[in-house]
> 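Sharing a structure below in structure tokens format, with a few things to ask.
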Amino acid sequence: MKLWVRIEAQEKLVEVSERDGIYSVTLDGDTRLVDCRSAGHRDYLSLIIDNKSHLVECAPISFEDGRYYANISGRRYDVEVLDERLFATRQATAVVKDMGPYVIASPMPGLILDVRVKIGDPVKAGSAVVIMEAMKMQNELVSEIDGVVKAINIKANDAVESQTPLVEIERTE
Amino acid sequence: MKLWVRIEAQEKLVEVSERDGIYSVTLDGDTRLVDCRSAGHRDYLSLIIDNKSHLVECAPISFEDGRYYANISGRRYDVEVLDERLFATRQATAVVKDMGPYVIASPMPGLILDVRVKIGDPVKAGSAVVIMEAMKMQNELVSEIDGVVKAINIKANDAVESQTPLVEIERTE
Amino acid sequence: MFKKILIANRGEIAIRVMRSCREMGIATVAVYSDCDRLALHVTYADESYHIGPPPSKDSYLAADKIIDAAKKSGAEAIHPGYGFLAENADFAAACETAGLAFIGPPATSIRQMGNKLDARRTMSASGVTVIPGSEGPVASAPEAAGIAREVGLPVMIKAVAGGGGKGLRVVRDAADIDKAVDMTMGEAESAFADGRIYVEKYIENPKHVEIQVLADKHGSTLTLGERECSMQRRYQKVIEEAPSPSVTAETRAALSQAAKKAAQAVGYVGAGTVEFIMAQDGSFYFLEMNTRLQVEHPVTEVVYGVDLVKEQIRIAAGLKLELEQESIRLRGHALEVRIYAEDPHANFMPSTGVIKRLVLPEGPGVRNENGIYPGYTIPIYYDPLIGKVIIWAEDRGTAIRRTRRALQEYQIDGVTTNIEFLLWAISQPGFLDGTYDTHYIERHFKPELLHSDTGELDLAMIAASIAAYGRLNRTNVSRAEEARDNVWRRVARMEGLRKPRL
Amino acid sequence: MFKKILIANRGEIAIRVMRSCREMGIATVAVYSDCDRLALHVTYADESYHIGPPPSKDSYLAADKIIDAAKKSGAEAIHPGYGFLAENADFAAACETAGLAFIGPPATSIRQMGNKLDARRTMSASGVTVIPGSEGPVASAPEAAGIAREVGLPVMIKAVAGGGGKGLRVVRDAADIDKAVDMTMGEAESAFADGRIYVEKYIENPKHVEIQVLADKHGSTLTLGERECSMQRRYQKVIEEAPSPSVTAETRAALSQAAKKAAQAVGYVGAGTVEFIMAQDGSFYFLEMNTRLQVEHPVTEVVYGVDLVKEQIRIAAGLKLELEQESIRLRGHALEVRIYAEDPHANFMPSTGVIKRLVLPEGPGVRNENGIYPGYTIPIYYDPLIGKVIIWAEDRGTAIRRTRRALQEYQIDGVTTNIEFLLWAISQPGFLDGTYDTHYIERHFKPELLHSDTGELDLAMIAASIAAYGRLNRTNVSRAEEARDNVWRRVARMEGLRKPRL
């Protein structure tokens, strides 16, 4: 299977096949045989490659987007893995994504303390739009783009779930 | 629900009902309200009864026989819990069980080291019939009854799974 | 000795206290809010009382409900842990009024140390060095400028009611004093409804060191050496250690003497901590006294071989200290790393969720203090501190290497933690050589620094590729099956069509 | 210092050794049999080499395969752990021949201590008191009777090749000697193909105490106090402690002196343990020397603040001991309880299976040594020891109460363990007062004793009733649904029947 794999700034083409629990993984033209098994839990992979032993916690963050994380000795890496279908989808949606409205969503469940904008307000990238409290801490949710506030779905003192769309911002060029 | 509950030498009739996660449990004519929830895992029950807090690991050993275990602070209790159907079944099978052939089965996977009997041998209750090795230890499997060896399904050096019938003994009166 | 104690807290500290109680044969009573019904402290306690809805003010800060639960349960004493009501003098007084022992200092000691300016004055009067500055609140910019001339620049303009890094401003240039005073007063007025300010000399690159104190009701006060807590992020301690790599035996003796004086000046009883700001030249100044058990108390426990919670309980029960200052001996070195449910890649945003898997570090010299278990859901209402790892070793170098080993062993699934950040922190040159100060992290940390191992990048790619391969294969198979099913269905339909109509 | 070490073992001890290696910056190499591919030591190591099928003789005892793996990996040294090849002189010699450091004593020391009769003679000659008895093998019953007269009854008739409680017989009456000699010889011949026997005085109600020794290659030998290991079941240690409640400071000094002499007599290098039998009057006799790390080494580590594995590695690398006998100081008290996968209700039958849930005891003074993790399958081929809990506390009473607390916290699902039995053992009057001897458990333990708490019986009934209620309800609902489905199906069929035929 051909996979497009992206980690941090790098993107590589990876070829994977499997026989009897041993995986053949080709990366940078270099083919390695990987003895890979789940150790007690599906997401914990014990990999032995050239007798080097590794334990990696690895699972999808979002299978449909090909987003995975890999945790190695306490360090967490975000990895994107796409097969041909997902790769094609990403190519197709990348353009659309940059055009559509930008939505600030709650990163976790919590309480809205303050909404710093009104509909029609101009917003600069990096400016705080909503203040929410979770776990005794105040967190600023900032806009990543320049734009104008188009919709506000919450008000102060609202309790929100994770990934609730809070404020919609329309891009200004 | 009416339940026949047996622990060690005691057997009691217990009445259980539930509303909103609070159980009403009547035991010895004494009705207690029990706030019972699974703590992180189905088999770990957090019970609060009259503000007393208990954590009990409790699960069926064999649901169809109504056999459960309850682990309280490291102590393990075997409890039989029967509803009307299971109670009736037990009553009906109790007689048959005492009449049928007696089978010595392997309590765990292991290696048969020695079979101490031949077909037709008389066997006394408490005498060793099979020696098996598991986890570096030799274990004697003894007959619980007086009888005559009727069948032998294994020989020395056989590897056996758990609950494999090894030797069948016919009861002598 | 008490037969039953109520613990007015939750999380790791509630469990910590209950463990000592169990070992002393004392029954424990937990209190819990709605969202904590399945919290570990509730299942661990002998008795548990529900005290209200999740917000702290309605439950863990509701003094009357807690005292009520204590009375219902027949508890004879209340241990407040840290945070919540631990430094609330009114609560301490209310306990005593209700006939319950408060496992902490007398309400008067809490009050005397609670107000920063009062504490400064009391300490000054008792001969404990405080940071040079104004005696009391400063009314105007010219008055502030006068003090600045006296103690020398830089100075800090601080709100009397401030705390946690809010309401303070550093002035390095005399010309900036007017503006700084104005702004701090305005901020203090709006944030704390108390516009008063005072002026202190600003100590450059300070270290935070603190002395553990134990005092009984019979006049004995002793000290258990220092902890250094200069690894901080936004005034939140991240790593603590005992002893401090920067404290010599002479400084330790001087710090201990000052801490003892401070505790005695307020008639202190119980376990408490006197915090000092230490300048790079080793001079030190009283900062404040925490009139309770500290989060980082275990580092002192492991190097001195004491159980501070048991000492607290014994003291509250009126027993004399059995420890003697002369026989207390420091052994080896201890570190504590705090595990927070927060994402170091995303500005330390707190993280919540269900703990799916939890494998703690174990083995030689590793102590875990936790309030979580596999299957537990971390609620959004409270502190994101989910656990602590305390490391003991023969010496500081070994302790640091053991801490790295322990952090690498830590497996926690379902929430994001700061473990990566801790691994970064303990590997910093400034931490390794012990020169770090309280601003070290803000000067040096950038999230980009967390990813640097190139060998790991390849491994992450391989692991993710295999994980994806398995899942995509299954998905493709099921897609294929679906497609095949569709074909069959179509065939069936066609066959149906072909059947001769009846 | 070595850069890479191969650990020729599995389970908790392999992890124990690897942890010290990691902390020393030494890379680790694991070896594994087929059934251990997912064992913790394989995933924990930096490198892992497959060495064969599950039976030990084909893998963990296959010296050539292990040496081969060491060479392939570039390891410079081999740590044997305990058991398997740890006391195999030929293996130690083969390592040295292959240019690999064996982390243990020289082959000659192992050989000298390996043969019991030889060791007795060497010790006797070096002035270490051995149990009075025959100098060498005894050829006949009259010769045995002569020795019995000399040392006094009771005596023990022991097979030279015996071990693990096999091939020995106690004689209390002179009239029984003939028969006992005959039977033991016969048994020894058939069991060990070596009919030789010898005679020793039998010590009534003995205690098992042992001294930890460390010796470097530069002539330094030092001792780290005693451990008592008299809580045994069928010669298997169950609980160990340091210090022994029965050893006074004078006895400790005498034991240490004897142990040092014993180690020096065989030119010992590395960590080793000299075991003694101690009579009720405090007199003691050399029993044997274990020329390796003991299972129970951590109790010594926590009271003396040393890392014995690091010392072993340092010694093997040729370094001088940095510890000095004078500065070694005992602090507090330590206990170790061994967690076995075995059923105390069923004659301690071993138990295997998948560890579904594992929550270890934590908090102050608790150290876990484990080779398992949640999801791990315990194989049937090896030792049923799955973990150890080591407890440290200020004093013995606190250590015992802490051990109880820790055992109550231990949650392990999927296999049956001896935790209940350990709770029974640490609560025994003879354990609490420290008078227990090596026969205590066999004299006092009955499985019926494990269930005694009547309050818990009610609770178990309530919990099981609720658990059953939920499950039965669901089952009844699904039965009802099934029944309803059947009714519908029947109705449908009947409707079908009623349909007018076309």
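Lettering of chains follows the sequences in order, A, B, ..., and the numbering in each one begins at 1.
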> With chain A, which of C:K356, C:M349, C:M461, C:E409 has the greatest number of heavy-atom pairs at distances under 4.5 Å?
C:M461
> Quick one: CG on A:L45 to CD1 on C:I466, what's the gap to the nearest 0.5 Å?
7.5 Å
> Pick one of side chain, backbone, both or neither for C:R404, based on which atoms fall under 4.5 Å of a heavy atom in chain A.
neither
> Please look at A:L3 and chain C and tell me whether the side chain, the backbone, both or neither of the residue comes under 4.5 angstrom of a heavy atom of that chain.
side chain
> Using non-hydrogen atoms and a limit below 4.5 Å, what part of residues 9-19 of chain A faces chain C?
A:Q10, A:K12, A:V14, A:V16, A:S17, A:E18
> At a 4.5 Å cut-off on heavy atoms, which part of C:I412 comes close to chain A: side chain, backbone, both, or neither?
backbone
> Using the six-membered ring of A:Y44, assess whether NZ or CZ of C:R357 lies under 6.0 Å from its centre and within 45 degrees of the ring axis.
yes
> Taking side chain as everything from C-beta outward and backbone as N, CA, C, O, which of these in A:D43 sits under 4.5 Å from a heavy atom of chain C? Side chain, backbone, both or neither.
side chain
> Identify which part of C:L457 has an atom lying under 4.5 Å from any heavy atom of chain A, answering side chain, backbone, both or neither.
both
> Report the option among C:I462, C:L407, C:L422 that has the most heavy-atom pairs separated by less than 4.5 Å from atoms of chain A.
C:I462
> Can you say whether C:Q411 sits under 4.5 Å from chain A via the side chain, the backbone, both, or neither, judging by heavy atoms?
both
> Measure distances from C:S351 to the heavy atoms of chain A and classify the residue's part below 4.5 Å as side chain, backbone, both or neither.
backbone
> Got a salt bridge between C:R338 and C:D383, using NZ or NE/NH1/NH2 to carboxylate O under 4.0 Å?
no
> Output the option from A:R42, A:K52, A:R6, A:H54 having the highest count of non-hydrogen pairs under 4.5 Å with chain C.
A:R42
> Would you give the length of the straight line joining atom CD1 of C:I426 to atom CG of C:L432, rounded to the nearest 0.5 angstrom?
8.0 Å
> Give, as side chain, backbone, both or neither, the part of A:V79 having an atom under 4.5 angstrom from any heavy atom of chain C.
side chain
> Is chain C contacted by the side chain of A:L47, its backbone, both, or neither, given a heavy-atom distance below 4.5 Å?
side chain
> Given that the side chain runs from C-beta out, which part of C:Y469 has a heavy atom under 4.5 Å from chain A: side chain, backbone, both or neither?
both
> Side-chain contact, heavy-atom cut-off 4.5 Å: C:Q428 with C:F445?
no
> Using 0.5 Å steps for rounding, measure from the CD1 atom of A:I104 to the CG atom of A:L166.
7.5 Å
> With a 4.5 Å cut-off on heavy-atom pairs, point out which of C:S465, C:A341, C:G470, C:P379 contacts chain A the most.
C:S465
> Is it the side chain or the backbone of C:P344 that comes within 4.5 Å of chain A heavy atoms, both, or neither?
neither
